[in-house]
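Quick notes on the structure that follows.
The sequence lines fix the lettering, A, B, ..., with proteins before strands; numbering per chain opens at 1.
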Amino acid sequence: MGVISFINSWLKDIVVLFILISIAELIMPKGNLKKYIRLVIGLLIIYTIISPFARLFRLDFSLDKVVFNYAKPETFNSIDLEDFYLKQEKQIEKIYLDKIIEDLKVLIESDTDYELVDGDITILKDEDNYGEIDYLTLYLKENKGNKDSDTIYIEKIGTIKVNLNLDKEYTEDEDDESIKLLISNSYGIEKDKISIKIYKKGIGEINE
Amino acid sequence: MEIIKIVSLGIVATVLIVLLKEIRPEFPMFISLLTGLGIFVMILGELSYVIETLSSLARRVNIEFAYFSTILKIIGMAYIVEFGAQISRDAGQESIAMKIELGGKVLIMVLAIPILLALMELILKILS
């Protein structure tokens, strides 16, 4: 029965294709370009007629794949590709910024008594200096790790405030200058392009 | 009734063009351009219905869908090219009309060549 169902599906393809083509011929414009449309339609008919032979000879042939390989890259899904590149660029930028923050974290933790909580980096996006740091804002807090490990610190929990600007809880300090100098020396950024905010602990800490 | 709107738009535009041709010879071109666009916008909704039906038919059979959408794309391009070329021709710019058509032909060939090559590959594979 395999042969009959094979011929059956082949015939069905051909019949539906011809119905489709007759509709397509109806909406075709008159004029010089008609023969070009006919050419493509002819190719489609040839493909539909000979494709069962490919299956008969057990050839692995996917028309979509081959057409896609031969096509000019931007012919198909040009918008998707553009989107894709934009997304890729954004991802690369994010990874780059995360990497810088990680580096800064290591640098600050090894060379100072502070640890990095968060950082905002603005990078230059023009052709010549792409990726150079334009402005750097760092949020630091005192590092507890250097102190005696037997000591238990209990931080006083103040009133919990939601949606307050982060800046308010951080103050600028005289230690800033040394950290700024450190970052400025290791990254080659001007000092006035770095802003450092240090979080000071509450008064209620108890040392036992 | 869409068809009455379309036909009356066409007739009004024709009358206007005939009347204005004597007084301001530069106006008829703009009117024909606007009429063409207007009629096109009017049929856009119906056209999408036709195209959707065609594509659902194409999906039902074994034809690779990218293939059929290429034909639809080519038909659409042909319409746009004809539209532009016809306007240039009406304005008496036969040479520009020819260039527009040339552009259309080249772009249609860009879409058709991959299919042609793929078909060649299939035939060669079967014969080898």
Checking Y36(A) side chain against A78(B) main chain: does a donor-acceptor pair fall under 3.5 Å? no

Any idea which heavy atoms bring N32(A) and E82(B) closest together, and the distance? N-OE2, 3.7 Å

So which atom in A112(B) and which in V40(A) form the shortest heavy-atom distance, rounded to 0.1 Å? CB-CG2, 3.6 Å

For each of V50(B), L119(B), L47(B), I74(B), tally heavy-atom pairs with chain A at distances under 4.5 Å, and name the one with the top tally. L119(B)

In terms of heavy-atom pairs under 4.5 Å, which option from I108(B), L122(B), L116(B) contacts chain A the most? L122(B)

Under 4.5 Å from a heavy atom of chain B, the part of K30(A) involved: backbone

Other residues, nucleotides and ligands only: do more than 12 of their heavy atoms fall within 6.0 Å of OH on Y96(A)? yes

Please round to the nearest 0.5 Å and tell me the distance separating atom CZ of F53(A) and atom CD1 of I123(B). 11.5 Å

Pick one of side chain, backbone, both or neither for I21(A), based on which atoms fall under 4.5 Å of a heavy atom in chain B. neither

Hey, which residues of residues 97-105 of chain A are touching chain B, say heavy atoms under 4.5 Å apart? none

For the interface with chain B, which of L39(A), I19(A), V15(A), I41(A) has the highest count of heavy-atom pairs at distances below 4.5 Å? I41(A)

Distance from I115(B) atom CD1 to I46(A) atom CD1, nearest 0.5 Å? 11.5 Å

Shortest non-hydrogen contact from I75(B) toward I37(A): CG1-CG2, 3.9 Å

